[in-house]
Amino acid sequence: MDTRAFKRSLHHSERYNRRGFGLGEEVAGSLEQAYQSDLIAKLRGNGYVLQRGRLTVRLAEAFGFCWGVERAVAMAYETRRHYPTERIWITNEIIHNPSVNDHLREMDVQFIQVDEGVKDFSDVASGDVVILPAFGATVQEMQLLNERGCHIVDTTCPWVSKVWNTVEKHKKHDFTSIIHGKVKHEETLATSSFAGIYLVVLDLAEAQLVCDYILGRGDREAFMTRFAKACSPGFDPDRDLVRVGVANQTTMLKSETEDIGRLFERTMLQRFGPAELNEHFLAFNTICDATQERQDAMFSLVDEPLDLMVVIGGYNSSNTTHLQEIAVSRGIRSFHIDTPERIGPGNRIEHMPLGGALETERPFLPEGPIRVGITSGASTPDRVVEDVIERLIELCEA
């Protein structure tokens with residue numbers, strides 16, 4: 001399939017919209033009421049520090065909703081206003097935040113059902129409105145919805161679209177796309193659908209395995225077993241790892257994406273020499289600015305004297321998980337929660353350790369003066385951060 005040609009055709013369709021409906025002022029009040037916070041605004045004006053009794057809160061200087069998320073949520077609200085009676089669907093969570101998705105359900109936006117990992121579009125009919133979330137959608141899903149005669153509202157983050165353009169360039173020049181991402185994440189699934197030949201690597205360790213194979217130090221059978229579900233159909237490592245380009249899921253850890261890019265560059269330099277490097281390696285900067293800003297702010301925050309860290313965001317939010325990784329890497333006692341309700345009475349917190357399952361810790365806050373660092377993923381509204389801070393205040397005053 002010529003994905004470039006399909007996108008051009010779709011973008012000229014009267015049933016496709018990626019710019020919104022000009023109803024920003026009409027939905028602004030609803031968005032402000034649901035997501036903004038006076039308390040957070042005051043913290044921003046007070047050096048990102050709050051002092052209440054024995055509690056000191058230090059807020060990261062970049063956190064929460066990014067521009068791409070704000071745009072996606074606003075477009076979803078505009079869509080409901082523009083289509084007051086039509087059935088509206090969304091192909092996945094608009095963003096990885098439970099409160100935001102619950103607000104859409106309250107607006108009678110229906111979510112495509114998933115059965116054993118497969119989306120069921122059977123109830124979507126011609127004339128229905130379908131929202132593509134901030135992570136994007138696969139080209140096959142767009143094609144299905146277009147052929148079915150749906151109205152498509154595309155809220156895909158422009159940074160994600162930038163990655164799609166990168167893998168399109170890889171495909172055009174017969175390079176295999178090495179995608180740094182989580183193989184089952186919606187964004188990576190969408191990106192790989194626009195690629196030609198691709199291989200997804202989760203982290204630097206997997207990238208090292210691939211580079212070892214390129215340098216002749218790997219076993220073909222073991223390699224294919226390891227990456228069987230992370231590559232394009234018919235992938236042949238002996239043929240398809242001769243010319244490679246690097247791209248990434250936009251929410252991955254910036255430093256690791258950069259390390260992976262440098263690793264592949266060194267590997268191709270070692271195998272083919274400097275004169276031939278450009279024939280065998282391509283790299284484009286596809287790291288999202290907002291992801292980078294939040295990670296940089298987190299690195300600054302963990303340099304402050306803290307007793308513990310609270311990271312707020314959906315448990316399936318990749319960018320939030322990487323913020324948690326930064327805290328853990330510094331040895332800070334850290335708690336990842338998705339909603340304020342995870343902090344309860346009796347000095348209790350229900351949280352998800354990195355790579356683990358939900359668990360409850362009690363007591364949560366120590367006695368005496370306490371310094372708590374707080375950050376949130378790019379899908380977390382300020383109102384949620386405010387509610388978390390208020391619960392911390394209540395526990396400290398109890």
Side-chain angles (χ1 to χ4, degrees), residues 1-7 92 117-119 132 135-143 156-157 159-215 218 220-253 256-265 267-268 271 278-288 318:
M1 179 183 181
D2 187 339
T3 51
R4 279 183 178 271
F6 171 73
K7 282 196 297 182
N92 214 302
V118 179
K119 294 179 186 176
L132 309 184
F135 318 105
T138 68
V139 68
Q140 292 82 8
E141 290 172 355
M142 296 184 201
Q143 187 177 31
T156 302
C157 175
W159 275 100
V160 175
S161 298
K162 181 181 179 181
V163 180
W164 295 353
N165 291 335
T166 294
V167 298
E168 291 273 15
K169 291 174 184 176
H170 294 166
K171 180 169 58 177
K172 179 180 179 181
H173 297 288
D174 296 322
F175 279 71
T176 294
S177 293
I178 305 294
I179 304 171
H180 176 211
K182 299 177 180 179
V183 70
K184 294 183 179 181
H185 192 280
E186 302 92 326
E187 182 186 328
T188 295
L189 291 171
T191 296
S192 62
S193 77
F194 285 94
I197 300 169
Y198 68 86
L199 179 70
V200 180
V201 295
L202 175 63
D203 51 26
L204 190 59
E206 284 199 346
Q208 185 65 62
L209 290 175
V210 178
C211 289
D212 287 344
Y213 193 92
I214 291 172
L215 295 175
R220 180 185 174 91
E221 184 176 352
F223 183 97
M224 292 307 300
T225 299
R226 176 68 175 261
F227 293 103
K229 296 182 180 180
C231 60
S232 50
F235 186 87
D236 182 342
D238 298 309
R239 177 194 65 207
D240 297 328
L241 293 177
V242 174
R243 290 160 59 87
V244 301
V246 176
N248 67 294
Q249 181 182 314
T250 59
T251 54
M252 300 302 281
L253 192 63
E256 187 166 45
T257 293
E258 292 175 334
D259 288 343
I260 288 171
R262 285 190 289 265
L263 174 62
F264 274 97
E265 184 176 23
T267 298
M268 303 314 269
R271 179 172 175 186
N278 291 340
E279 292 297 317
H280 297 276
F281 177 75
L282 283 176
F284 299 94
N285 180 11
T286 56
I287 298 171
C288 165
S318 176

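Model, not experiment: these values are computed from the prediction.
Look at Asp2 and Lys171 and you find no salt bridge, because none of the NZ, NE, NH1 or NH2 atoms lies under 4.0 Å from a carboxylate O. Residues Arg262 and Glu265 are not paired through a salt bridge, judged by the lack of any N-O separation under 4.0 Å between the basic side chain and the carboxylate. Using a cut-off of 4.0 Å between Lys/Arg side-chain N and Asp/Glu carboxylate O, Asp174 and Arg243 are scored as not salt-bridged.
Trp164 places none of its side-chain heavy atoms less than 4.5 Å from the side chain of Thr3. Within the 4.5 Å cutoff, the side chain of Ile178 has heavy atoms near those of the Leu241 side chain. A 4.5 Å side-chain heavy-atom check between Phe223 and Val210 finds at least one atom pair inside the cut-off. Side-chain contact between Leu209 and Tyr213 is absent, with no heavy atoms from C-beta onward closer than 4.5 Å.
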| said: side chain to side chain contact (heavy atoms under 4.5 Å, CB included) for His180 and Val246? Distances and angles first, verdict last. | reply: CA-CA 8 Å; His180 176 211; Val246 176; 5.6 Å; no
| task | Would you please test Lys169 and Leu282 for side chain to side chain contact (heavy atoms under 4.5 Å, CB included) and show each step? | result | CA-CA 10 Å; Lys169 291 174 184 176; Leu282 283 176; 5.9 Å; no
| request: Show your working on side-chain hydrogen bond (donor to acceptor under 3.5 Å, both in side chains) between Thr251 and Ser318 and close with a plain yes or no. | output: CA-CA 6 Å; Thr251 54; Ser318 176; 3.3 Å; yes
| Does the pair Phe281 and Val244 meet the rule for a side chain to side chain contact (heavy atoms under 4.5 Å, CB included), with working shown? | CA-CA 5 Å; Phe281 177 75; Val244 301; 4.2 Å; yes
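Summarising the geometry, atom CD belonging to Gln249 is positioned 6.5 Å from atom NZ belonging to Lys182; distances are rounded to the nearest 0.5 Å. Between Arg271 atom CZ and His280 atom NE2 the span is 8.0 Å, to the nearest 0.5 Å.
Scanning all heavy atoms of the two residues, the minimum distance from Leu202 to Met252 falls at O-CE, 3.6 Å. The two residues Val139 and Ser193 make their nearest non-hydrogen contact at N-OG, 3.0 Å.
Thr188 places no side-chain N or O within 3.5 Å of a backbone atom of Lys184 that could act as its donor or acceptor partner. A donor-acceptor pair under 3.5 Å links the side-chain atoms of Glu187 to the main chain of Thr250, judged by distance alone. His170 places no side-chain N or O within 3.5 Å of a backbone atom of Thr176 that could act as its donor or acceptor partner.
For an aromatic pair to be called close, the ring centres must be under 6.0 Å apart, and Phe135 with His185 satisfies this.
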